[in-house]
Each structure stands twice: as C-alpha cells, then as structure tokens.
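Working notes for the structure below.
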Amino acid sequence: MTTFEADDFTLERTAPLTWKLEQEAGMNVPARVYASETLLEEIADDLSLEQLRNVTHLPGIYEPAIAMPDAHQGYGFPVGGVAAIDAEDGVISPGSIGYDINCGVRMLRTDLTPEDLNGKEEELVDALFDAIPSGLGAGGVVEGTTSTIEAVLDQGMKWALDQGYAVEADLDHCEDNGFREEADPRVVSSEAKDRGRKQLGSLGSGNHFLEVQRVEDIYDESVASAFGLSEDQVVVLIHCGSRGLGHQVCTDYLRKIEQEHADLLESLPDRELAAAPAGSPLAEDYYGAMNAAINFAWVNRQLITYQTRRVFADVFDRDWQDLGMELLYDVAHNIGKKETHEIDGVKRDVYVHRKGATRAFPPGHPEVPEAYRAVGQPVIIPGSMGSGSYVLRGGEKSLEKSFGSTAHGAGRLMSRTQAKQEFWGEDVQDELEAEEQIYVRAQSGATIAEEAPGVYKDVDEVVRVSQELGIGDPVVRTFPILNIKG
DNA sequence: ATGTCC
C-alpha cells in the first residue's frame, strides 16, 4: 500500500491516481484526492487538504468529498473541490460554491487560421481590449436599469436572445441552455442588482481573460470533428463570472446564514463553511439567488461574445456568421445544482457543489446537447497565459468517480501576494511577446504578475490525470495568440 | 474572485 505523508495527513493510494483520506472523528465520510504524486505534493503545500477534511463535516455529505488534481486552497472549501450533499437532509453551503458564482468558460469557433491573423495580431488585441470592459470598475457593454437586471437574473440567455445579443444556437451550446429556471430575482438584494447593473458585459480582473488561440494538437479526431475543431483553427476562449453581483449574493447569504444557523455553524470546523439546512427558507432563498447569479454570468459571457463577434467582423471585414464564430460550448466552474446521482445503487437528489470543477457528463447523457451527445459533453480547461488550454469530453467514469465532474484549470501554485514578489508584470508581458509571440493587454501590470505562467501548476499533468481516471478525455490542446485581461 | 474593510 502506497501512502503519502504530509504534515498532518496520511493518504493511502487506493487505486491509480486516487488517494484516500480515512474517515476520522467528526468526519461524516472519507475524502478523496485525484492526483499524481507530483500534483499531490503541490496540493499538500497549502491548506487544501485541511479544507477538504473540513468539508467532510458538512451534514448530509455523500462519500467522498473530492479534490481534483488542480486543487488549491480557497475560501473555506478548496478550489478544485466537489461535494454532493443530500438535497433533503443535508445542507447548501455558499462557500462551497464560491464567491464568483458561475465563473466559467466558453469557447467560440472561427473559420480563421493563424495565417489570417498574421500581422493583424496587435490590431485585433487592441480592438478587443477597447471593446470589452476589463478590470475593476470599468463598466459594462450595456448599462441596465433595475428592471433590465431583473430580466437578466430571471431569464439568463433567453434575455440575451430576446434582445438580439444571442442566437438560438448559443443557448443550445451552453450548460443548462444558459438558463436556470429556479432563479429568483426577488431574493437578490438591491445592492447586488445595483452592482450588476453597471457590469453587464465585463471581464473583471484576476484570472479572468479573453484569449484568441490556435488549435495546436488533436488527440481524438472524431470527437474533435464532432466539436467542429481542426488543427490550426483559430478559437476564442472567454473566462469570467458574475462580477460584483455574484460576489454580493455570496456575501449577503453568508452573513444571513451565519446569523440564522449559528448552531449549525458551531458544529463545523471552519466558519467559512457556513451552511443552511436543506429545505430551510434561507437554503431556498440562497438557491434562488445563486441561480439568478448563474443566469447573470451566462449573459455576461454572452455580451462579451457579442462584442467579440463585432470586433472580428470589423477587423476581418466579414460578418461573424461568415467567420464561423459559433459558440462551441459554455461550462460553469463554480456552481451548485440539484442533480440526481446513483449512490451505492440508490438514486439520490443531491446538491452538487462544484467549486473550481467542471461538469463532465459522459457520452449519451441526456443533458449533453444533441449535437455532442454521442461523444460526450465538451469540457473546457483553460491553462495559464503562456501554456494554452484544453478541450476535453466528459469521461465514461465521471458519474461513478466524481459526481459527473472533472478539473477546471491548471490551479494556482502560489498566492497572488507571493506571485507579485516573484514576477514583474511588464517583464512577463515582454517575455511572452518576444519568446512565444503571445500579445497580452491588461489594465494592470500587477494582474499580469499574479497570473504569470509560473504561478500555475502544469495543466498537461492535470489533464493527464483526468484522462487516466476516465473522468474527462482530452480532445484538443490550444495555444495562445493574444490575451486581454483586467 | 471582489467598489481587496463595516
């Protein structure tokens, strides 16, 4: 039996790339880490394992609490974590979904090749940077009224379709069709709505970005073809979330839950895991508000898509349909959802908390869009600015091993503070341009330093783990051409 | 992640 010893933890390797943290006093279930030894060492380097162990204390959690190969510490609950908790007898925990509700990624196809961009990279990166608000306090593509925001929260991408910012196919190619019916705008505070009103169509800051990339490697020709991807194709990756609105929803409900369910909080090892009992009024209200924030984030990414299509049409003097700029798929990385999973042979309704984890439904799953159903759900895993990204398809084993989930990115190796001590933004930017011909535009040099390629784990290794476990199989790998960020 | 503190 192979064991892994960290400061306060002993994990046993129970299967390849699978590490078990035994159930001890206070834990309701064992925990599991999916990682290679190298990645596990990196994961053990911050508070991830402690946070993972804490998660097992949540009432109603099913075995196991999971950390993905890209896990790193987060607010209470590791980023790169999955917890399935009984939707009747368990709890819902905002910190286990995250502050940036429906932070996620989408990929747009194009019919362009890198040669078509030759010599136009700087024009394109500047035009995108100009057209898409990024950074803190930059405004949005549209400024709405309160009733605009309420329609967005209520209808998600259906609002974008009605307003002419989206086409039907955009909705078809979005997780949950870009719309959560359980959304309830009435339980979103006016403060949250007011923040969202000015940020509708904005990238934000931190690790959020828009990147134009080329498809570099193909691992599965037939799935790639089903996804409409081929070698040397130019694609666009958009990574952002629900901005201040989602953040405010999380803040509002954490405060309310801490007060209203103080007794439950007392029984938990970390107050950042504050949770509302399933079925309680606060659990219902939070679920309605979280779903509304999820809808907001989809519209946010759609408005950025709308602007991206306009910029490409302008730069290449062809309309976006002619450029083949269809939405490949849009996946959420930070969400909670009531799903039915077969657990120990019994179908259970659970709140699946995915925080820095991607839904990865296998071939044949009814929730995979028809166009992709035979091959599995597209899963988009962004790497760092310098390392490219992956498109995967949901793996055959994802339902059995990870509640239908896989990793979401490279995962940080160090804190933002540490990153700024190790890197200087302008140097990183100059190096990427000189050595890799990657053109980066950012509102702040500090953000580039915080997001330097060296700040991240090895995305290739993360994807290799996902593939070997059978929870998500690589289809193509992309490489950056240009990147805009906050 | 985030009008990086109520």
Side-chain angles (χ1 to χ4, degrees), chain A residues 46-48 51 70-81 93-105 133-140 143-144 149 188-210 238-256 258-259 271-272 289-290 293-294 296-298 300-301 304 331-336 353-358 382 384-385 408-421 425 442-451 455-456 485-486:
Chain A
D46 63 18
L47 297 174
S48 304
Q51 293 185 334
D70 55 338
H72 62 92
Q73 75 184 67
Y75 177 89
F77 186 107
V79 176
S93 158
S96 306
I97 289 162
Y99 272 93
D100 193 4
I101 297 165
N102 193 4
C103 176
V105 270
S134 63
L136 299 175
E143 177 161 344
I149 285 301
V188 174
S189 68
S190 52
E191 196 180 3
K193 288 172 187 165
D194 204 48
R195 288 179 73 170
R197 209 166 55 74
K198 296 166 241 165
Q199 298 179 328
L200 205 44
S202 63
L203 268 180
S205 187
N207 65 350
H208 291 162
F209 63 81
L210 179 151
I238 296 167
H239 178 200
C240 62
S242 52
R243 307 286 286 106
L245 183 139
H247 192 273
Q248 192 64 47
V249 166
C250 187
T251 304
D252 290 341
Y253 281 94
L254 277 170
R255 273 188 210 139
K256 287 185 191 177
E258 282 171 5
Q259 286 180 8
R271 69 180 293 115
E272 294 182 354
M290 181 203 54
I294 286 175
F296 179 90
W298 277 320
N300 191 30
R301 290 198 282 279
I304 292 168
V331 285
H333 284 167
N334 281 10
I335 50 110
H353 297 68
R354 293 191 185 92
K355 182 181 184 184
T358 316
S384 67
M385 277 184 287
H408 85 306
R412 296 192 78 82
L413 269 179
M414 63 182 85
S415 70
R416 296 183 177 281
T417 314
Q418 198 187 338
K420 280 181 279 196
Q421 286 161 2
Q443 300 290 348
S444 142
T447 305
I448 303 180
E450 288 171 8
E451 296 299 321
V455 163
Y456 281 89
K485 54 201 298 90

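Numbered from 1 within each chain, the chains take letters A, B, ... in sequence-line order. Please read these numbers as outputs of a predicted model, since none were measured by experiment.
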Go through A:Glu451 and A:Arg412 one step at a time and tell me if the side chain to side chain contact (heavy atoms under 4.5 Å, CB included) criterion holds.
-> CA-CA 9 Å; A:Glu451 296 299 321; A:Arg412 296 192 78 82; 3.2 Å; yes
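The distance between atom OH of A:Tyr99 and atom P of B:dT4, rounded to the nearest whole Å, is 13 Å. A straight line from NZ of A:Lys485 to C1' of B:dT2 spans 15 Å, rounded to a whole angstrom. Going from atom CD of A:Gln248 over to atom P of B:dT2 covers 13 Å, rounded to whole Å. For the pair A:Glu191 CD and B:dT2 C1', the interatomic distance rounds to 12 Å; values are reported in whole Å. Across the protein-nucleic acid pair, A:His247 atom NE2 and B:dC5 atom C1' stand 12 Å apart, rounded to whole Å. Atoms CG (A:Asn102) and P (B:dT2) sit 13 Å apart, rounded to a whole Å. A:Asp252 has its CG atom 13 Å from the C1' atom of B:dC6, to the nearest Å. Look at CG on A:Leu254: it is 13 Å from P on B:dC6, rounded to the nearest Å.
Residue contacts shown for A:Ser205 are limited to sugar-phosphate atoms, with no base heavy atom under 4.0 Å away. Heavy atoms of A:Gly206 sit under 4.0 angstrom from primed sugar atoms or phosphate atoms, though from no base atom. A:Glu450 comes within 4.0 angstrom of no nucleic acid atom, judged by non-hydrogen atoms across all strands.
Partners of A:Lys256 under the salt bridge (charged side-chain N to carboxylate O under 4.0 Å, His left out) rule, at least two apart in sequence or in another chain, do not exist in this structure. Every residue meeting the salt bridge (charged side-chain N to carboxylate O under 4.0 Å, His left out) condition with A:Arg354, not counting sequence neighbours, appears here in chain and number order: A:Glu339. Every ring-ring contact (aromatic ring centres under 6.0 Å, His included) that A:Tyr75 has, sequence neighbours left out, goes to A:Tyr99. Shown here are the salt bridge (charged side-chain N to carboxylate O under 4.0 Å, His left out) partners of A:Lys485, two or more places apart in sequence or in another chain: there are none. Residues that satisfy the salt bridge (charged side-chain N to carboxylate O under 4.0 Å, His left out) test with A:Glu191, not counting sequence neighbours, are absent from this structure.
Residues from residues 238-246 of chain A lying near DNA chain B, meaning a heavy-atom separation below 4.0 Å, are A:Arg243, A:Gly244 in numerical order.
Looking at heavy atoms from C-beta onward, A:Cys103 lies in side-chain contact with A:His239 at the 4.5 angstrom threshold.
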